[in-house]
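What you see is a predicted model; the values in this text were computed from it and never measured.
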Amino acid sequence: MRVAGGQVFDLEHGFIERELFTSGALLAAEGGGETLDASGCYVIPGLIDVHFHGCVGEDFSDATPDGLQRMADYELSQGVTYICPAGMTLPEEQLMRICENAAAHRANASHGAELAGLNLEGPFLCMAKKGAQNGAFLHAPDGAMLHRLQVAANGLVKLVTVAPEQPGSLEFIRAARADGVTVSVGHTTADYDTASAAYEAGARQATHLFNAMPPFTHRAPGVIGAAFDHPEVQAELISDGIHIHPSVVRATFRLFGAHRVILVSDSLRATGMPDGQYPFGGQQIVVRGNRATMADDPNTLAGSVTSLMGCVRQAVKFGIPLSDAVRAATYNPARAIGIDHRAGSLDDGKEASFVLLEKDTLTIRAVVFKGALVVN
């Protein structure tokens with residue numbers, strides 16, 4: 001395939017005018033076959049969502065094969081070519097089912113976005129900052145439990161969130177790293193020193209920065225300041241226009257730099273669905289427009305109902321350069337889950353997964369996944 005006439009995303013230079021070629025499932029220096037007209041379009045890598053719970057009425061935590069497949073199909077239709085869905089705070093038995101379902105999907109799926117990993121947002125969180133997570137199932141940091149889940153997932157657990165003020169958290173972080181899992185600090189009351197200790201022990205991410213953690217103040221910088229002071233740490237950001245004020249989105253990109261921000265959707269099963277009430281981790285949420293709150297506490301946000309592509313568009317609307325927003329939704333999350341050697345940028349030899357976006361509206365004209373045109 002030859003992709004001609006578009007402005008192609010480049011990690012170093014932003015967008016450049018060049019042709020893109022595919023050879024089978026990979027990007028190549030040259031190629032033949034059909035020509036895909038990208039005139040009037042940006043050509044960007046397929047998006048990678050490393051933190052979302054569900055969409056189109058399905059939730060990853062339900063652990064149903066059909067539901068996970070529907071999620072993968074929907075995500076691909078929205079330009080998200082690789083997914084790392086997140087589980088909730090649930091009993092170990094259900095977390096095991098989630099992991100087993102993910103492993104089975106990985107082994108058998110023939111269509112939809114690639115399941116590149118899974119994210120355990122719970123249960124190793126603190127009660128005071130649990131947010132929409134179910135407090136009845138919170139669990140102390142437990143490396144042996146994480147290992148059991150990793151075995152059930154056949155090595156697919158790529159991310160886990162921990163509240164580092166919990167006893168045993170530093171040992172947990174070291175055990176997680178040994179199991180090939182990146183630890184993210186979140187749902188926490190940790191102060192600067194406690195969060196810094198977690199990062200020095202090997203944690204490398206912050207879960208939905210600003211949400212479910214102490215605020216960043218001039219005398220108590222907390223998790224946010226600790227993350228900034230450790231340059232190896234990346235920070236998740238939900239740019240749906242609900243979770244984070246536009247000014248804070250702009251400030252975060254300035255503070256951390258586009259190379260350290262990971263845009264995530266944190267989307268729920270209500271994404272792509274009408275307003276109404278929906279189940280969520282053994283609880284209920286209410287969705288009105290693009291805002292989702294707990295049914296029993298309308299002041300508590302319960303996640304997002306905006307797709308990752310929608311979050312990219314919102315970030316651009318807030319003043320983030322498109323090239324920075326794209327990097328934060330492609331290459332940076334690819335690094336977070338260890339697939340940057342094959343995805344996240346449009347370099348020769350990487351998988352040919354990319355999206356054509358209309359320049360004026362940033363709407364999708366086409367999606368190519370591993371060399372195959374799947375949305376046109």
Side-chain angles (χ1 to χ4, degrees), residues 50-51 86 89 119-133 135 138-143 146 158-178 181-239 243-264 266 299-301 320 324 328 332-333 335-336:
V50 298
H51 187 159
T89 294
N119 180 346
L120 295 175
E121 188 180 5
F124 310 114
L125 318 175
C126 84
M127 180 64 77
K129 291 291 184 179
K130 66 179 180 61
Q133 303 278 338
L138 290 174
H139 199 289
D142 186 335
L146 177 62
K158 300 298 182 183
L159 294 166
V160 64
T161 296
V162 70
E165 70 274 22
Q166 303 288 83
S169 62
L170 298 186
E171 294 81 1
F172 175 85
I173 291 168
R174 298 184 187 103
R177 292 193 69 188
V181 182
T182 296
V183 177
S184 189
V185 173
H187 287 277
T188 176
T189 60
D191 60 13
Y192 174 87
D193 290 338
T194 302
S196 291
Y199 290 130
E200 286 156 15
R204 289 294 178 267
Q205 206 156 301
T207 299
H208 44 50
L209 200 71
F210 300 102
N211 296 113
M213 63 182 58
F216 176 66
T217 71
H218 62 299
R219 290 195 180 95
V223 174
I224 300 160
F228 171 73
D229 279 345
H230 291 79
E232 69 279 8
V233 171
Q234 296 192 106
E236 295 179 3
L237 197 66
I238 308 171
S239 60
H243 284 76
I244 306 290
H245 191 280
S247 177
V248 178
V249 172
R250 292 188 290 271
T252 302
F253 271 85
R254 289 283 188 93
L255 182 65
F256 282 82
H259 63 292
R260 293 179 61 193
V261 176
I262 298 174
L263 290 184
V264 299
D266 199 12
N299 294 315
T300 297
L301 292 175
I320 303 304
D324 289 350
N332 295 351
R335 286 180 53 215

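Remark: Q166 pairs with no residue by the side chain to side chain donor-acceptor pair (under 3.5 Å) rule, at least two apart or across chains.
Considering all non-hydrogen atoms of both residues, A132 and T300 come closest at N-CG2, 4.3 Å. Taking both residues in full, the closest heavy atoms of V162 and P141 are given as CG2-CG, 3.9 Å, listed atom of the first, atom of the second, then distance. The nearest pair of heavy atoms linking Y192 to P221 is CD1-CG, 3.6 Å. Listed here is the closest heavy atom pair of V185 and A203: CG2-CB, 4.0 Å. Nearest heavy-atom pair, P164 versus A190, reported as atom, atom and distance to 0.1 Å: CG-CB, 3.8 Å. The minimum heavy-atom distance between D142 and F124, with the atom names listed, is N-CE2, 3.8 Å.
With contacts defined as side-chain heavy-atom distances shorter than 4.5 Å, the pair F256/V233 does not qualify. The side-chain heavy atoms of K129 and T188, taken from C-beta on, include no pair separated by under 4.5 Å.
Distance CG/L146 to CD1/I173: 11.5 Å, rounded to 0.5 Å. For the atom pair CG (L125) and OG1 (T89), the distance works out to 4.5 Å, reported to the nearest 0.5 Å. Between the NE2 atom of H243 and the CG atom of L301 there is a distance of 4.5 Å, given to the nearest 0.5 Å. Considering CG of L209 and CD1 of I224, their distance stands at 5.0 Å, rounded to 0.5 Å. Residue S169 holds its OG atom at 9.0 Å from CZ of R174, rounded to the nearest 0.5 Å. Atom CZ of F210 and atom CD1 of I238 lie 11.5 Å apart (nearest 0.5 Å).
Residues in residues 195-215 take part in these side-chain hydrogen bond (donor to acceptor under 3.5 Å, both in side chains) pairs, two or more places apart or across chains: E121-H208, T161-T207, S184-T207, H187-H208, E200-H230, Q205-E236. The salt bridge (charged side-chain N to carboxylate O under 4.0 Å, His left out) contacts involving residues 208-223 comprise nothing, where partners must be two or more places apart or lie in separate chains.
Just one of L263, L159, V264 meets the side chain to side chain contact (heavy atoms under 4.5 Å, CB included) condition when paired with H51; it is V264.
Side chain of N332 to backbone of V261: a donor-acceptor contact under 3.5 angstrom is found. Side chain of Q234 to main chain of I262: no donor-acceptor pair is present (N/O by atom type, distance under 3.5 Å, no hydrogens or angles). Counting only distance, with no hydrogens or angles, the side chain of N119 and the backbone of V50 share a donor-acceptor pair below 3.5 Å. Judged by distance alone, the side chain of R260 and the main-chain N or O of F228 form a donor-acceptor pair under 3.5 Å.
A side-chain donor from one of E165 and T189 sits under 3.5 Å from a side-chain acceptor of the other.
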